[in-house]
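One structure is given here, and the rest of the page talks about it.
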Amino acid sequence: MSIPTPDLLSPAIQSPSAELMLGNSSIAQPTALEALEFYKKKDPSKVVVRFKAIGSAPIMKNNVFKATAGHKFQAVILFLRQQLGMKKDEPLFTYINAAFAPAPDDTVGNLFKCFGTEGHLIVNYSNTQAWG
């Protein structure tokens with residue numbers, strides 16, 4: 001059985017320094033509190049929301065509105081209820097692009113970024129469950 005000869009011509013392999021392994025670099029990293037404060041800031045930009053009635057839901061005369069991107073989708077639901085003159089105990093089902101019902105805590109901006117169509121966020125609404 002032969003013993004392998006060491007490679008003396010190649011440079012020695014060095015293990016990465018502890019600084020690189022721990023992520024300590026010269027680039028300033030925000031603290032956790034700074035990152036949290038940045039996350040809490042609401043996006044002031046506007047998103048165009050287009051409402052479309054489904055089934056026997058009342059049709060709106062003006063169906064295009066602007067909503068602040070940082071607001072929760074719950075604000076859009078409350079606004080829609082107000083525009084339709086619906087009471088809190090009346091059912092209202094909302095869908096994005098006639099495909100899925102978004103969670104009320106999703107932000108309008110995030111929904112627009114992911115599911116916006118031709119510069120609009122299309123919100124379908126119904127007074128009876130339409131899909132799934």
Side-chain angles (χ1 to χ4, degrees):
M1 190 165 169
S2 66
I3 300 174
T5 57
D7 184 8
L8 300 175
L9 298 176
S10 299
I13 298 174
Q14 296 177 355
S15 63
S17 66
E19 185 175 307
L20 289 175
M21 291 175 68
L22 295 175
N24 296 333
S25 63
S26 61
I27 300 173
Q29 297 289 329
T31 64
L33 290 175
E34 290 171 346
L36 185 61
E37 289 302 318
F38 178 77
Y39 177 75
K40 284 183 181 180
K41 290 181 184 174
K42 292 194 178 205
D43 187 1
S45 62
K46 299 287 186 175
V47 172
V48 178
V49 179
R50 179 180 298 269
F51 295 105
K52 292 187 177 182
I54 301 170
S56 63
I59 298 173
M60 301 170 67
K61 289 181 182 179
N62 183 13
N63 64 350
V64 178
F65 296 92
K66 287 188 177 182
T68 304
H71 285 166
K72 304 284 185 196
F73 190 70
Q74 178 66 33
V76 174
I77 295 171
L78 293 174
F79 174 78
L80 181 59
R81 279 188 179 279
Q82 179 187 17
Q83 290 295 311
L84 296 174
M86 298 179 81
K87 298 175 185 172
K88 289 185 178 183
D89 60 341
E90 293 178 302
L92 178 65
F93 298 90
T94 55
Y95 304 93
I96 300 294
N97 293 338
F100 73 98
D105 64 342
D106 285 336
T107 61
V108 175
N110 192 27
L111 289 169
F112 176 72
K113 286 176 191 172
C114 296
F115 307 105
T117 305
E118 298 177 0
H120 297 86
L121 178 64
I122 299 174
V123 178
N124 302 89
Y125 64 93
S126 176
N127 51 6
T128 59
Q129 188 172 2
W131 292 282

Scan the side chains in residues 82-93 for donor-acceptor partners under 3.5 Å anywhere in the protein, sequence neighbours excluded, and list what turns up.
unit_1 : atom_1 : unit_2 : atom_2 : d
E90    : OE1    : K87    : N      : 2.6

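With sequence neighbours excluded, the residues satisfying side-chain contact (heavy atoms from CB on, under 4.5 Å) with A98 are N124, W131. Looking at residues two or more places apart in sequence or on another chain, you find a side-chain contact (heavy atoms from CB on, under 4.5 Å) between A103 and D105, D106. With sequence neighbours left out, the side-chain contact (heavy atoms from CB on, under 4.5 Å) criterion links T117 to N97, I122.
Grouping the Ile, Leu, Val, Met, Phe, Trp and Tyr side chains by contacts below 4.5 angstrom, directly or via other members, places V47 with I96. No path of Ile, Leu, Val, Met, Phe, Trp and Tyr side chains, each step under 4.5 Å between heavy atoms, connects I54 with L80, placing them in separate hydrophobic clusters. Hydrophobic cluster membership is shared by M60 and V108, with clusters built from Ile, Leu, Val, Met, Phe, Trp and Tyr side chains linked at under 4.5 angstrom.
Across every non-hydrogen atom of V49 and A67, the tightest pair is CG2-CB, 4.0 Å. Closest heavy-atom contact between S126 and A57: CA-CB, 3.8 Å. Of all heavy-atom pairs spanning A53 and I59, the tightest one is CB-CG1, 4.0 Å. For the residue pair G119 and V48, the shortest heavy atom distance occurs at O-CB, 3.8 Å.
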Using the side-chain contact (heavy atoms from CB on, under 4.5 Å) rule, take K46 and F65 through it: C-alpha gap first, then chi angles, then the decisive distance, then the call. CA-CA 10 Å; K46 299 287 186 175; F65 296 92; over 6 Å; no
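The structure places NZ of K72 at 12.5 Å from CD1 of I77, a figure rounded to the nearest 0.5 Å. Within the model, atoms CG of L111 and CZ of F73 stand 6.5 Å from one another, a figure rounded to the nearest 0.5 Å.
Using modelled atom types, one side-chain atom of T107 and one backbone atom of N110 make a donor-acceptor pair closer than 3.5 Å.
Residues in residues 96-129 take part in these ring pair (Phe, Tyr, Trp, His ring centres under 6.0 Å) pairs, two or more places apart or across chains: F100-F115. The side chain to side chain donor-acceptor pair (under 3.5 Å) contacts involving residues 53-67 comprise S56-N127, where partners must be two or more places apart or lie in separate chains.
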